[in-house]
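In listed order, ligands and their atoms are each counted from 1.
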Amino acid sequence: MSHERPSISVFGLGRVGLCFAACCAHRGFHVIGVDIDEEKLSVIERGEAPFYEPHLQDMLEEAVREGLELTPSAHEAVIRSDISFVTVGTPGGPDGSVDLSQVESACHAIGEALAEKGAWHLVVIRSTVPPGTTGGLVKDVLEGSSGLRCGPDFGLCMNPEFLSEGRAIKGILEPDRIVIGEHDRRSGDALQAFYERFDGDASTRKRILRTSLINAELIKYASNAFLAMKVSFANMMARLCQALPGADVVAVMDGVGLDRRIGRAFLNAGLGWGGSCFPKDLSALLSFAGGLGISLPLVRATIEVNDEQPLVAVELARKALGDLRGKRVAVLGLAFKPDTDDVRGAVSLKVIGALLAEGAEVVAYDPKAVENVRALLGDTIEYAGSALEALRGAHCCILVTEWEEFRALRPEDFGRLMKEPVVIDGRRIFDPEEFEGKVRFFAIGRGPKKAT
Ligand SMILES: NC(=O)c1ccc[n+]([C@@H]2O[C@H](COP(=O)([O-])OP(=O)(O)OC[C@H]3O[C@@H](n4cnc5c(N)ncnc54)[C@H](O)[C@@H]3O)[C@@H](O)[C@H]2O)c1
(Lines give C-alpha, C1' and ligand atoms only; values in the text may rest on other atoms or scores of the structure.)
Protein backbone atom coordinates (compact mmCIF):
# COMPACT_ATOMS: atom_id res chain seq x y z
CA MET A 1 0.00 0.00 0.00
CA SER A 2 1.32 3.44 -0.87
CA HIS A 3 2.26 5.89 1.88
CA GLU A 4 0.19 8.54 0.12
CA ARG A 5 -3.51 8.86 0.86
CA PRO A 6 -4.84 5.36 0.02
CA SER A 7 -7.52 4.89 -2.62
CA ILE A 8 -10.54 3.16 -1.23
CA SER A 9 -13.43 1.15 -2.62
CA VAL A 10 -16.78 0.89 -0.85
CA PHE A 11 -18.91 -2.20 -1.56
CA GLY A 12 -22.65 -1.56 -1.05
CA LEU A 13 -23.92 2.00 -1.49
CA GLY A 14 -26.88 1.83 0.89
CA ARG A 15 -27.55 4.09 3.86
CA VAL A 16 -24.17 3.28 5.41
CA GLY A 17 -21.97 2.82 2.35
CA LEU A 18 -23.06 5.87 0.38
CA CYS A 19 -22.71 8.19 3.39
CA PHE A 20 -19.30 6.71 4.14
CA ALA A 21 -18.17 7.00 0.50
CA ALA A 22 -19.33 10.65 0.34
CA CYS A 23 -17.52 11.48 3.61
CA CYS A 24 -14.30 9.83 2.42
CA ALA A 25 -14.45 11.79 -0.85
CA HIS A 26 -15.11 14.96 1.18
CA ARG A 27 -11.95 14.26 3.18
CA GLY A 28 -9.93 14.04 -0.04
CA PHE A 29 -9.69 10.30 -0.65
CA HIS A 30 -10.05 8.78 -4.08
CA VAL A 31 -13.20 6.67 -3.72
CA ILE A 32 -14.66 3.97 -5.94
CA GLY A 33 -18.24 3.03 -5.03
CA VAL A 34 -19.46 -0.45 -5.97
CA ASP A 35 -23.02 -1.72 -6.01
CA ILE A 36 -24.80 -4.54 -7.81
CA ASP A 37 -27.85 -2.29 -8.25
CA GLU A 38 -27.01 -0.53 -11.52
CA GLU A 39 -30.11 1.65 -11.37
CA LYS A 40 -28.93 2.99 -8.02
CA LEU A 41 -25.47 3.59 -9.51
CA SER A 42 -26.90 5.71 -12.31
CA VAL A 43 -28.96 7.79 -9.84
CA ILE A 44 -25.83 8.40 -7.75
CA GLU A 45 -23.80 9.14 -10.87
CA ARG A 46 -26.17 12.04 -11.57
CA GLY A 47 -25.31 13.36 -8.13
CA GLU A 48 -28.72 12.42 -6.69
CA ALA A 49 -29.01 10.79 -3.28
CA PRO A 50 -31.30 7.74 -3.62
CA PHE A 51 -32.64 8.26 -0.05
CA TYR A 52 -33.02 11.15 2.35
CA GLU A 53 -30.27 11.86 4.86
CA PRO A 54 -29.43 15.40 6.02
CA HIS A 55 -26.40 16.92 4.19
CA LEU A 56 -25.96 13.86 1.95
CA GLN A 57 -27.29 15.52 -1.20
CA ASP A 58 -24.75 18.38 -1.01
CA MET A 59 -21.89 16.07 -0.13
CA LEU A 60 -22.75 13.72 -2.95
CA GLU A 61 -22.85 16.52 -5.52
CA GLU A 62 -19.42 17.60 -4.28
CA ALA A 63 -18.13 14.01 -4.34
CA VAL A 64 -19.34 13.37 -7.90
CA ARG A 65 -17.83 16.68 -9.02
CA GLU A 66 -14.52 15.84 -7.34
CA GLY A 67 -14.32 12.43 -8.98
CA LEU A 68 -16.23 9.82 -6.94
CA GLU A 69 -16.14 6.82 -9.27
CA LEU A 70 -18.96 4.32 -9.52
CA THR A 71 -18.90 0.83 -10.93
CA PRO A 72 -20.69 -2.52 -10.69
CA SER A 73 -17.30 -4.22 -11.18
CA ALA A 74 -15.66 -5.56 -8.03
CA HIS A 75 -12.63 -6.44 -10.10
CA GLU A 76 -11.99 -2.88 -11.27
CA ALA A 77 -12.60 -1.50 -7.77
CA VAL A 78 -10.17 -3.88 -6.05
CA ILE A 79 -7.43 -3.50 -8.64
CA ARG A 80 -7.61 0.31 -8.46
CA SER A 81 -7.87 0.74 -4.68
CA ASP A 82 -5.80 -0.09 -1.60
CA ILE A 83 -8.61 -0.75 0.88
CA SER A 84 -12.06 -2.26 0.26
CA PHE A 85 -14.76 -1.46 2.82
CA VAL A 86 -17.72 -3.85 2.78
CA THR A 87 -20.96 -2.11 3.74
CA VAL A 88 -23.54 -4.42 2.17
CA GLY A 89 -26.81 -5.28 3.89
CA THR A 90 -27.17 -8.02 6.50
CA PRO A 91 -30.96 -8.36 6.80
CA GLY A 92 -32.50 -10.39 9.58
CA GLY A 93 -34.94 -13.27 9.28
CA PRO A 94 -38.01 -13.70 11.53
CA ASP A 95 -36.15 -16.26 13.66
CA GLY A 96 -33.27 -13.87 14.40
CA SER A 97 -31.00 -15.43 11.79
CA VAL A 98 -28.82 -13.06 9.76
CA ASP A 99 -28.75 -13.33 5.99
CA LEU A 100 -25.05 -13.13 5.10
CA SER A 101 -25.49 -13.74 1.39
CA GLN A 102 -24.63 -10.13 0.42
CA VAL A 103 -21.43 -10.28 2.50
CA GLU A 104 -20.56 -13.64 1.03
CA SER A 105 -21.06 -12.57 -2.59
CA ALA A 106 -19.22 -9.26 -2.14
CA CYS A 107 -16.26 -11.07 -0.52
CA HIS A 108 -16.29 -13.74 -3.20
CA ALA A 109 -16.00 -11.04 -5.88
CA ILE A 110 -13.27 -9.24 -3.91
CA GLY A 111 -11.35 -12.51 -3.51
CA GLU A 112 -11.48 -13.27 -7.24
CA ALA A 113 -10.08 -9.80 -7.96
CA LEU A 114 -7.37 -10.24 -5.31
CA ALA A 115 -6.16 -13.34 -7.13
CA GLU A 116 -5.18 -11.12 -10.05
CA LYS A 117 -4.00 -8.08 -8.15
CA GLY A 118 -0.55 -9.18 -7.12
CA ALA A 119 -0.27 -6.64 -4.28
CA TRP A 120 -1.29 -6.61 -0.61
CA HIS A 121 -4.82 -5.22 -0.17
CA LEU A 122 -6.88 -4.59 2.95
CA VAL A 123 -10.49 -5.83 3.24
CA VAL A 124 -12.57 -4.18 5.96
CA ILE A 125 -15.96 -5.50 7.04
CA ARG A 126 -18.15 -2.60 8.18
CA SER A 127 -21.49 -4.38 7.93
CA THR A 128 -22.91 -5.71 11.18
CA VAL A 129 -22.16 -9.44 11.24
CA PRO A 130 -22.63 -12.10 13.95
CA PRO A 131 -19.61 -12.89 16.15
CA GLY A 132 -17.16 -15.14 14.38
CA THR A 133 -18.28 -14.21 10.84
CA THR A 134 -15.23 -12.14 9.83
CA GLY A 135 -12.65 -14.63 11.08
CA GLY A 136 -14.77 -17.53 9.79
CA LEU A 137 -16.98 -17.18 6.72
CA VAL A 138 -15.41 -13.95 5.41
CA LYS A 139 -11.81 -15.16 5.73
CA ASP A 140 -12.70 -18.56 4.23
CA VAL A 141 -14.50 -17.00 1.25
CA LEU A 142 -11.68 -14.51 0.60
CA GLU A 143 -9.00 -17.21 0.83
CA GLY A 144 -11.05 -19.72 -1.17
CA SER A 145 -11.84 -17.39 -4.04
CA SER A 146 -8.39 -15.80 -4.20
CA GLY A 147 -6.16 -18.80 -3.48
CA LEU A 148 -4.19 -16.42 -1.20
CA ARG A 149 -3.49 -16.41 2.56
CA CYS A 150 -5.08 -13.89 4.89
CA GLY A 151 -2.24 -12.07 6.67
CA PRO A 152 0.77 -12.36 4.36
CA ASP A 153 -1.12 -11.84 1.07
CA PHE A 154 -4.03 -9.61 2.06
CA GLY A 155 -5.26 -7.95 5.25
CA LEU A 156 -8.58 -8.25 7.07
CA CYS A 157 -10.29 -6.02 9.65
CA MET A 158 -13.72 -5.74 11.24
CA ASN A 159 -14.59 -2.08 11.74
CA PRO A 160 -18.21 -1.74 12.92
CA GLU A 161 -20.28 1.24 11.86
CA PHE A 162 -22.03 3.09 14.70
CA LEU A 163 -23.75 5.87 12.74
CA SER A 164 -27.39 6.60 13.38
CA GLU A 165 -29.65 7.58 10.50
CA GLY A 166 -30.62 11.24 10.51
CA ARG A 167 -27.14 12.06 11.84
CA ALA A 168 -25.13 9.76 9.62
CA ILE A 169 -22.76 12.34 8.15
CA LYS A 170 -21.83 13.78 11.54
CA GLY A 171 -21.50 10.26 12.92
CA ILE A 172 -18.97 9.39 10.23
CA LEU A 173 -17.04 12.67 10.26
CA GLU A 174 -16.93 12.93 14.07
CA PRO A 175 -17.23 9.43 15.51
CA ASP A 176 -17.12 8.90 19.30
CA ARG A 177 -14.85 5.94 18.75
CA ILE A 178 -13.34 3.88 15.98
CA VAL A 179 -13.20 0.18 16.71
CA ILE A 180 -10.61 -1.74 14.73
CA GLY A 181 -10.88 -5.49 14.99
CA GLU A 182 -7.79 -6.90 13.32
CA HIS A 183 -6.82 -10.27 11.92
CA ASP A 184 -3.14 -9.34 12.31
CA ARG A 185 -1.07 -6.32 13.26
CA ARG A 186 -0.30 -5.18 9.72
CA SER A 187 -4.03 -5.06 8.88
CA GLY A 188 -4.80 -3.02 12.02
CA ASP A 189 -1.87 -0.65 11.37
CA ALA A 190 -3.09 -0.02 7.81
CA LEU A 191 -6.64 0.77 8.96
CA GLN A 192 -5.40 2.98 11.80
CA ALA A 193 -3.24 4.89 9.29
CA PHE A 194 -6.31 5.37 7.10
CA TYR A 195 -8.30 6.87 10.01
CA GLU A 196 -5.44 9.11 11.06
CA ARG A 197 -5.40 10.53 7.52
CA PHE A 198 -9.21 10.64 7.42
CA ASP A 199 -9.31 12.78 10.56
CA GLY A 200 -6.08 14.70 10.08
CA ASP A 201 -6.32 15.18 13.82
CA ALA A 202 -3.83 14.11 16.48
CA SER A 203 -6.65 13.15 18.87
CA THR A 204 -7.86 10.34 16.57
CA ARG A 205 -5.49 7.86 18.18
CA LYS A 206 -7.23 8.30 21.53
CA ARG A 207 -10.56 7.38 19.99
CA ILE A 208 -9.27 4.20 18.34
CA LEU A 209 -9.73 0.88 20.05
CA ARG A 210 -7.72 -1.97 18.57
CA THR A 211 -8.94 -5.44 19.32
CA SER A 212 -9.67 -8.86 17.82
CA LEU A 213 -12.15 -9.47 15.00
CA ILE A 214 -14.65 -11.18 17.29
CA ASN A 215 -14.52 -8.46 19.94
CA ALA A 216 -15.22 -5.81 17.30
CA GLU A 217 -18.26 -7.79 16.14
CA LEU A 218 -19.44 -8.15 19.74
CA ILE A 219 -18.89 -4.45 20.53
CA LYS A 220 -21.38 -3.54 17.80
CA TYR A 221 -24.07 -5.94 19.07
CA ALA A 222 -23.47 -5.06 22.73
CA SER A 223 -23.68 -1.32 21.98
CA ASN A 224 -27.00 -1.64 20.19
CA ALA A 225 -28.38 -3.93 22.88
CA PHE A 226 -27.37 -1.48 25.60
CA LEU A 227 -28.86 1.55 23.83
CA ALA A 228 -32.11 -0.30 23.14
CA MET A 229 -32.15 -1.45 26.78
CA LYS A 230 -31.97 2.18 27.95
CA VAL A 231 -34.97 3.08 25.81
CA SER A 232 -36.95 0.05 26.97
CA PHE A 233 -36.07 0.90 30.57
CA ALA A 234 -37.50 4.40 30.12
CA ASN A 235 -40.60 2.88 28.52
CA MET A 236 -41.03 0.41 31.36
CA MET A 237 -40.89 3.30 33.84
CA ALA A 238 -43.29 5.24 31.60
CA ARG A 239 -45.92 2.55 32.07
CA LEU A 240 -45.59 2.84 35.83
CA CYS A 241 -45.73 6.65 35.72
CA GLN A 242 -48.81 6.55 33.50
CA ALA A 243 -50.71 4.76 36.28
CA LEU A 244 -49.66 7.17 39.05
CA PRO A 245 -51.47 10.49 39.56
CA GLY A 246 -49.02 13.38 39.19
CA ALA A 247 -46.14 11.25 37.90
CA ASP A 248 -44.27 12.10 34.71
CA VAL A 249 -41.56 9.95 33.16
CA VAL A 250 -39.84 12.97 31.58
CA ALA A 251 -39.11 14.49 34.99
CA VAL A 252 -38.11 11.09 36.36
CA MET A 253 -35.65 10.42 33.51
CA ASP A 254 -34.29 13.99 33.74
CA GLY A 255 -33.46 13.24 37.36
CA VAL A 256 -32.05 9.80 36.64
CA GLY A 257 -30.00 11.06 33.69
CA LEU A 258 -28.27 13.76 35.71
CA ASP A 259 -26.23 10.99 37.31
CA ARG A 260 -23.08 10.94 35.18
CA ARG A 261 -22.78 7.20 35.68
CA ILE A 262 -26.10 6.84 33.82
CA GLY A 263 -26.46 9.83 31.44
CA ARG A 264 -29.65 11.25 29.93
CA ALA A 265 -29.18 9.98 26.33
CA PHE A 266 -31.56 7.23 25.17
CA LEU A 267 -33.80 7.62 28.23
CA ASN A 268 -36.64 9.23 26.27
CA ALA A 269 -39.88 7.33 26.75
CA GLY A 270 -42.04 6.97 23.67
CA LEU A 271 -43.63 4.36 21.44
CA GLY A 272 -40.48 2.25 21.29
CA TRP A 273 -37.56 1.77 18.98
CA GLY A 274 -37.68 0.58 15.36
CA GLY A 275 -35.45 0.90 12.34
CA SER A 276 -33.28 -1.46 10.38
CA CYS A 277 -30.73 -2.06 13.16
CA PHE A 278 -32.04 -2.42 16.74
CA PRO A 279 -34.79 -4.97 15.96
CA LYS A 280 -32.61 -7.17 13.78
CA ASP A 281 -29.43 -6.85 15.85
CA LEU A 282 -31.11 -7.67 19.17
CA SER A 283 -32.92 -10.66 17.67
CA ALA A 284 -29.66 -11.79 16.08
CA LEU A 285 -27.81 -11.52 19.39
CA LEU A 286 -30.50 -13.48 21.19
CA SER A 287 -30.60 -16.16 18.55
CA PHE A 288 -26.80 -16.38 18.30
CA ALA A 289 -26.44 -16.77 22.09
CA GLY A 290 -29.37 -19.22 22.13
CA GLY A 291 -27.50 -21.40 19.66
CA LEU A 292 -24.70 -21.65 22.23
CA GLY A 293 -27.20 -22.50 24.99
CA ILE A 294 -26.80 -19.07 26.59
CA SER A 295 -29.85 -17.02 27.52
CA LEU A 296 -29.65 -13.23 27.52
CA PRO A 297 -32.58 -12.24 29.76
CA LEU A 298 -31.94 -8.48 29.60
CA VAL A 299 -31.97 -8.55 25.81
CA ARG A 300 -35.14 -10.65 25.83
CA ALA A 301 -36.89 -8.24 28.21
CA THR A 302 -35.70 -5.25 26.14
CA ILE A 303 -37.44 -6.73 23.09
CA GLU A 304 -40.57 -7.69 25.05
CA VAL A 305 -41.07 -4.18 26.44
CA ASN A 306 -40.57 -2.78 22.95
CA ASP A 307 -42.98 -5.16 21.25
CA GLU A 308 -45.83 -3.94 23.45
CA GLN A 309 -44.97 -0.24 23.52
CA PRO A 310 -46.56 0.93 20.22
CA LEU A 311 -49.85 -0.56 21.40
CA VAL A 312 -49.90 1.83 24.37
CA ALA A 313 -50.90 4.58 21.90
CA VAL A 314 -53.77 2.49 20.56
CA GLU A 315 -54.93 1.67 24.12
CA LEU A 316 -54.96 5.39 24.93
CA ALA A 317 -57.01 6.06 21.78
CA ARG A 318 -59.48 3.38 22.84
CA LYS A 319 -59.63 4.81 26.33
CA ALA A 320 -60.47 8.24 24.92
CA LEU A 321 -62.86 7.25 22.11
CA GLY A 322 -64.21 3.82 23.07
CA ASP A 323 -64.70 1.60 20.03
CA LEU A 324 -62.34 2.74 17.25
CA ARG A 325 -64.47 1.30 14.44
CA GLY A 326 -65.08 4.02 11.84
CA LYS A 327 -63.05 6.58 13.79
CA ARG A 328 -60.62 8.66 11.77
CA VAL A 329 -57.13 8.64 13.28
CA ALA A 330 -54.39 10.99 12.10
CA VAL A 331 -50.92 9.46 12.40
CA LEU A 332 -48.18 12.09 12.42
CA GLY A 333 -44.77 10.70 11.49
CA LEU A 334 -44.06 7.49 9.59
CA ALA A 335 -40.26 7.30 9.39
CA PHE A 336 -38.68 5.16 12.11
CA LYS A 337 -37.06 8.33 13.45
CA PRO A 338 -36.90 11.99 12.42
CA ASP A 339 -34.61 13.18 9.61
CA THR A 340 -34.78 10.00 7.59
CA ASP A 341 -37.22 8.52 5.08
CA ASP A 342 -36.39 4.98 6.25
CA VAL A 343 -39.44 3.01 7.36
CA ARG A 344 -37.75 -0.36 7.90
CA GLY A 345 -39.05 -1.68 11.23
CA ALA A 346 -40.87 1.61 11.86
CA VAL A 347 -43.16 1.86 14.90
CA SER A 348 -45.70 3.71 12.69
CA LEU A 349 -46.35 0.48 10.78
CA LYS A 350 -47.23 -1.37 13.99
CA VAL A 351 -49.48 1.46 15.20
CA ILE A 352 -51.25 1.65 11.83
CA GLY A 353 -51.64 -2.15 11.70
CA ALA A 354 -53.27 -2.16 15.16
CA LEU A 355 -55.57 0.75 14.26
CA LEU A 356 -56.71 -0.90 11.03
CA ALA A 357 -57.31 -4.16 12.92
CA GLU A 358 -59.66 -2.23 15.24
CA GLY A 359 -61.59 -0.88 12.25
CA ALA A 360 -60.25 2.69 12.41
CA GLU A 361 -59.63 4.81 9.31
CA VAL A 362 -56.07 6.06 9.17
CA VAL A 363 -54.79 9.25 7.55
CA ALA A 364 -51.02 9.65 7.74
CA TYR A 365 -48.48 12.37 7.15
CA ASP A 366 -44.68 12.41 7.20
CA PRO A 367 -42.35 15.08 5.79
CA LYS A 368 -40.18 12.53 3.93
CA ALA A 369 -41.42 8.96 4.28
CA VAL A 370 -44.91 8.94 2.72
CA GLU A 371 -43.80 7.30 -0.54
CA ASN A 372 -41.91 4.55 1.27
CA VAL A 373 -45.02 3.73 3.32
CA ARG A 374 -47.28 3.96 0.28
CA ALA A 375 -45.08 1.28 -1.35
CA LEU A 376 -45.85 -1.01 1.62
CA LEU A 377 -49.43 -0.17 2.54
CA GLY A 378 -50.86 1.14 -0.72
CA ASP A 379 -54.36 2.56 -0.37
CA THR A 380 -55.23 0.77 2.87
CA ILE A 381 -54.70 4.19 4.47
CA GLU A 382 -54.98 7.81 3.31
CA TYR A 383 -52.00 10.11 2.95
CA ALA A 384 -52.07 13.81 3.71
CA GLY A 385 -49.83 16.51 2.25
CA SER A 386 -49.29 18.25 5.58
CA ALA A 387 -49.83 17.75 9.29
CA LEU A 388 -52.72 20.22 9.28
CA GLU A 389 -54.40 18.41 6.40
CA ALA A 390 -54.10 15.11 8.31
CA LEU A 391 -55.79 16.64 11.35
CA ARG A 392 -58.81 17.90 9.43
CA GLY A 393 -61.90 15.94 10.49
CA ALA A 394 -59.96 13.42 12.61
CA HIS A 395 -61.27 12.02 15.90
CA CYS A 396 -57.82 11.38 17.27
CA CYS A 397 -54.21 12.23 16.48
CA ILE A 398 -51.28 10.01 17.41
CA LEU A 399 -47.85 11.60 17.17
CA VAL A 400 -45.51 8.75 16.26
CA THR A 401 -42.27 10.35 14.99
CA GLU A 402 -40.83 13.50 16.57
CA TRP A 403 -40.10 15.54 13.43
CA GLU A 404 -39.07 19.09 14.28
CA GLU A 405 -41.96 20.61 12.29
CA PHE A 406 -44.54 18.92 14.55
CA ARG A 407 -43.25 20.87 17.55
CA ALA A 408 -44.75 24.00 16.02
CA LEU A 409 -48.31 22.59 16.24
CA ARG A 410 -50.38 24.39 18.87
CA PRO A 411 -53.40 23.10 20.81
CA GLU A 412 -55.55 25.53 18.79
CA ASP A 413 -54.56 23.75 15.54
CA PHE A 414 -55.90 20.47 16.87
CA GLY A 415 -59.00 22.12 18.38
CA ARG A 416 -59.85 24.00 15.18
CA LEU A 417 -59.32 21.20 12.67
CA MET A 418 -60.24 17.96 14.40
CA LYS A 419 -63.72 16.56 14.77
CA GLU A 420 -62.95 15.40 18.29
CA PRO A 421 -59.61 16.76 19.44
CA VAL A 422 -57.98 13.81 21.17
CA VAL A 423 -54.20 14.17 21.03
CA ILE A 424 -51.80 11.36 21.98
CA ASP A 425 -48.22 12.53 22.24
CA GLY A 426 -46.30 9.32 21.60
CA ARG A 427 -42.89 11.04 21.75
CA ARG A 428 -43.31 13.66 24.44
CA ILE A 429 -42.69 16.68 22.23
CA PHE A 430 -45.55 18.85 23.53
CA ASP A 431 -45.74 20.73 26.79
CA PRO A 432 -48.65 19.05 28.62
CA GLU A 433 -49.41 22.23 30.60
CA GLU A 434 -50.05 24.06 27.34
CA PHE A 435 -52.35 21.37 25.94
CA GLU A 436 -54.33 20.23 28.95
CA GLY A 437 -57.69 21.96 29.26
CA LYS A 438 -57.68 22.90 25.54
CA VAL A 439 -57.86 19.42 23.95
CA ARG A 440 -58.14 15.92 25.40
CA PHE A 441 -54.45 15.30 25.81
CA PHE A 442 -52.61 12.07 26.62
CA ALA A 443 -48.85 11.67 26.81
CA ILE A 444 -46.81 8.49 27.12
CA GLY A 445 -45.54 8.17 30.67
CA ARG A 446 -47.67 10.93 32.20
CA GLY A 447 -50.04 9.92 34.95
CA PRO A 448 -53.52 11.32 35.46
CA LYS A 449 -53.73 14.84 36.87
CA LYS A 450 -53.39 14.82 40.64
CA ALA A 451 -56.56 15.82 42.47
CA THR A 452 -55.90 19.17 44.16
N1 LIG B 1 -28.65 1.78 8.45
C2 LIG B 1 -28.03 2.05 9.59
O3 LIG B 1 -28.37 2.99 10.33
C4 LIG B 1 -26.83 1.23 10.03
C5 LIG B 1 -26.03 1.68 11.10
C6 LIG B 1 -24.94 0.93 11.48
C7 LIG B 1 -24.67 -0.28 10.85
N8 LIG B 1 -25.49 -0.71 9.84
C9 LIG B 1 -25.15 -1.97 9.17
O10 LIG B 1 -24.51 -1.63 7.93
C11 LIG B 1 -24.85 -2.58 6.91
C12 LIG B 1 -25.46 -1.86 5.72
O13 LIG B 1 -26.70 -1.28 6.13
P14 LIG B 1 -27.54 -0.34 5.15
O15 LIG B 1 -28.69 0.15 5.95
O16 LIG B 1 -26.63 0.62 4.50
O17 LIG B 1 -28.01 -1.44 4.06
P18 LIG B 1 -28.80 -1.18 2.71
O19 LIG B 1 -29.67 -2.36 2.54
O20 LIG B 1 -29.38 0.21 2.71
O21 LIG B 1 -27.66 -1.18 1.57
C22 LIG B 1 -26.97 -2.31 1.16
C23 LIG B 1 -26.44 -2.06 -0.26
O24 LIG B 1 -25.55 -3.12 -0.63
C25 LIG B 1 -25.76 -3.42 -2.01
N26 LIG B 1 -25.21 -4.76 -2.29
C27 LIG B 1 -25.75 -5.96 -2.01
N28 LIG B 1 -24.92 -6.96 -2.39
C29 LIG B 1 -23.83 -6.37 -2.94
C30 LIG B 1 -22.61 -6.85 -3.50
N31 LIG B 1 -22.36 -8.15 -3.59
N32 LIG B 1 -21.70 -5.95 -3.94
C33 LIG B 1 -21.95 -4.62 -3.88
N34 LIG B 1 -23.07 -4.11 -3.35
C35 LIG B 1 -24.01 -4.96 -2.89
C36 LIG B 1 -27.25 -3.27 -2.18
O37 LIG B 1 -27.63 -3.13 -3.53
C38 LIG B 1 -27.52 -2.00 -1.34
O39 LIG B 1 -27.37 -0.84 -2.12
C40 LIG B 1 -25.76 -3.60 7.58
O41 LIG B 1 -24.98 -4.66 8.06
C42 LIG B 1 -26.34 -2.83 8.76
O43 LIG B 1 -26.73 -3.67 9.82
C44 LIG B 1 -26.55 0.02 9.40
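Remark: ligand 1 atoms within the under-4.0 Å shell around heavy atoms of Q102 are 24 (O), 26 (N), 27 (C), 28 (N), 31 (N). Heavy-atom contacts of T87 reach the following atoms of ligand 1: 12 (C) (cutoff under 4.0 Å). Every atom of ligand 1 with a heavy atom of K40 under 4.0 Å away is listed here by number and element: 38 (C), 39 (O). Distances below 4.0 Å separate heavy atoms of C277 from the following atoms of ligand 1: 2 (C), 3 (O), 4 (C), 5 (C), 8 (N), 44 (C).
Residues S84 and S9 bring a donor and an acceptor atom of their side chains to less than 3.5 Å of each other. A side-chain donor from one of E217 and T134 sits under 3.5 Å from a side-chain acceptor of the other. R167 and T340 share no donor-acceptor pair across their side chains, judged by distance under 3.5 Å alone. Counted by atom type alone, Y195 and N159 present one or more donor-acceptor pairs between their side chains at under 3.5 Å.
Relative to atom 33 (C) of ligand 1, the option among D35, V129, T340, V98 with the closest non-hydrogen atom is D35. The closest heavy-atom contact to atom 42 (C) of ligand 1, among the options K337, K280, H108, R167, comes from K280.
By the criterion of a heavy-atom distance under 4.0 Å, both the backbone and the side chain of A106 are placed next to ligand 1. Under 4.0 Å from ligand 1, heavy atoms of S127 appear from its side chain as well as its backbone.
At the shortest separation from atom 19 (O) of ligand 1 among protein heavy atoms lies R344 NH1, 3.6 Å.
Ring pair F85/F194 is tilted by interplanar angle, where 30° to 60° counts as tilted.
For the pair R197 and F29, the cation does not sit on the ring face, since its NZ or CZ is not both under 6.0 Å from the ring centre and inside 45° of the axis.
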